[in-house]
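Computed from a prediction, not measured in an experiment: that's the story for all the values here. Residue numbers begin at 1 in each chain, while the letters A, B, ... track the order of the sequences. Reckoned from all heavy atoms, side chains included, excluding hydrogens, waters and symmetry mates.
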Amino acid sequence: MQELLQQIISGIATGGIFASLALALVLIYNAMGLVNFAQGEMAMLATFAAFTLINRGVSYWIAFPLTLVIAFAGGILIQRIVIRPVERAPILTLVIVTLGLATLLNGLAGFIFGYLPRSFPSPFSAQTVNILGAFVSYQDLGVIAVTAVVLVAIYLLLQHTTVGLTMRAAAHHPEHSRLLGVHVSWMLALGWGLASAVGAVSGIMVAPILLLEPNMMQTVIIYAFAAAVLGGIESPLGAVVGGVIVGVTVNLAGAYLPFVGGDLQLAVALAIIVAVLVLKPNGLFGRPNVRRV
Amino acid sequence: MALLELEEVRAGYGPTSVLHGVSLSVPEGQIVSLLGANGAGKTTTLRSITGGVQWTGDIRFAGRSLRRMHTEDVVRCGIAHVPEGRGILTELTVDENLKLGSYLRRDGAAVRKDYDRVFEYFPVLRERRGLSASTLSGGEQQMLALARAFLMKPRLMLLDEPSLGLAPLIVRAIFEIIRTINTEDGVAVLLVEQNARLALEMSSDAYVLEVGRVAVSGSSSELKGNDAVRRSYLGY
């Protein structure tokens, strides 16, 4: 029983990491109907920025928000320079552009930082605390707390601020929004910045576990895809719930299904993607369009 | 000087040209109707004004040319455009739609007063504030679109067929409120309508478009009284 609880809590922690990256995917999908295959590499690069800052002696809790700001600016820059010229191109063109961007960023990171895995500091101790008989690490609790704060902040920004409202408006109905004075193109850029910052959180949180190297996010992004698809690719809340479900499921499968172990965990994520697409293509929170006729 | 002036405006979609030189003007605080059959270019005229379609010639608003301006900047000059299909953001709530009308304004106290007036004109919007705009009926959506345009505190409203698909009683109510907004706030209106009789009743001047050109124009009472014009262009 305690072990089950332990596995679930640690699954929630990894789920929070997936949720952040999944939310980043959803933010961009909502804004332009595009799955951003470069999201993971953007997060990886941001994590290298954090690594560099920390190595230069900047304290973790200053480097963390600073990295989010850098990631935010980087996201806006990428939208302006790489995405905007092809904004009106067919979706397949855009997908190929993001794939190219992923390769480019990956190579760039390898060129600058090399491919040697580096240990990344965690601000949370690896010691455990006893919760209802389960031994839970401060590391897991810290990751859960950080991602929760970030996700709530994004929710508040989108749902309860004017800028969030105009971002949602621009994403859903660009033409109508322009007629209300919304600068749609800038809202898209803002969406990219925001997604980039949220994605960076997942990179920084996962780096102490996976070790930092240019390919670090390549499995994480698959889990994030699974989470986003499970939640219904359009729903920010769905991405979060999906992330937690995927995190817990994968963790439990790894612990209790002997044939899964550590090697087939990624296959579980892929199985989730396929199952959702077959059984419930709209995902858990993807709403069918309700409208009065 | 007129608030809005179009001078020899030509516009179209790609190789298809729709407007072949339209000139018209809307005086400050007046209602002007733009009439004509389907495909005459009424909607394209409105879309040219707010930069939704490429145009040549000149369009001036309050003395300033709108040439090469983006839609969002034209709108910020004080033009509220309720487009064909009403432009409701159906993924958002009624309240959020209204807020998108007023979010650029800095006169907080006046905004609150305007909200009170909106809910006085359209009590049903107050009841539905928290609901998704997609659940509104056609008439309610038209009310929402008009309310949102009003909250933008424009100097000019462009209304594209506000009567389309609505029951006569609701059309009456909506036109009554358009008139109120016009007289009480001095908002000028360029009104595109299929229902010529109703439009001529409301407006001071009218233009009749025929395949992308102004075929007839004059004061509304003149056009109403002219049997030949009425029969050949207005169809009643």
Of the backbone (N, CA, C, O) and the side chain (C-beta and beyond), which part of [X] lies under 4.5 Å from a heavy atom of chain A, both, or neither?
| X | value |
| --- | --- |
| B:L104 | side chain |
| B:R148 | side chain |
| B:L100 | both |

Greatest number of heavy atom pairs closer than 4.5 Å to chain B - which of A:R168, A:H183, A:E175 | A:H183
Among the listed options A:T166, A:T162, A:V182, the residue most often paired with chain B at heavy-atom distances under 4.5 Å =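 Heavy-atom pairs under 4.5 Å are most numerous for A:V182.
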Determine, for B:W55 and B:R67, whether the Lys NZ or Arg CZ falls below 6.0 Å from the six-membered ring centre while staying within 45 degrees of the axis.
->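 Relative to the ring axis of B:W55, which defines the angle, B:R67 lies outside at least one limit.
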Between B:R155 and B:E28, is the closest basic N to carboxylate O distance under 4.0 Å?
->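 A salt bridge links B:E28 with B:R155.
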Among side-chain atoms of B:Y115 and B:S102, is any donor-acceptor pair under 3.5 angstrom?
->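 The criterion, which ignores hydrogens and geometry beyond distance, is satisfied for B:S102 and B:Y115.
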Would you say the side-chain atoms of B:Q194 and B:N38 include a donor-acceptor pair closer than 3.5 Å?
->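 On atom types as modelled, these side chains qualify, holding a pair under 3.5 Å.
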Which residue out of B:E96, B:M152, B:H70 racks up the most heavy-atom pairs below 4.5 Å with chain A?
->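 Top option by heavy-atom pairs under 4.5 Å: B:E96.
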Against chain A, work out which of B:I88, B:I79, B:V74 has the most heavy-atom pairs shorter than 4.5 Å and name it.
->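 Of the candidates given, the most pairs with chain A belong to B:I88.
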Where is the tightest heavy-atom contact between A:A22 and A:A227, given as atom of each residue plus distance?
->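 Result for this residue pair: CB-CB, 3.8 Å.
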Name of the residue among B:D95, B:T93, B:N97 meeting side chain to side chain donor-acceptor pair (under 3.5 Å) with B:R129 = B:D95
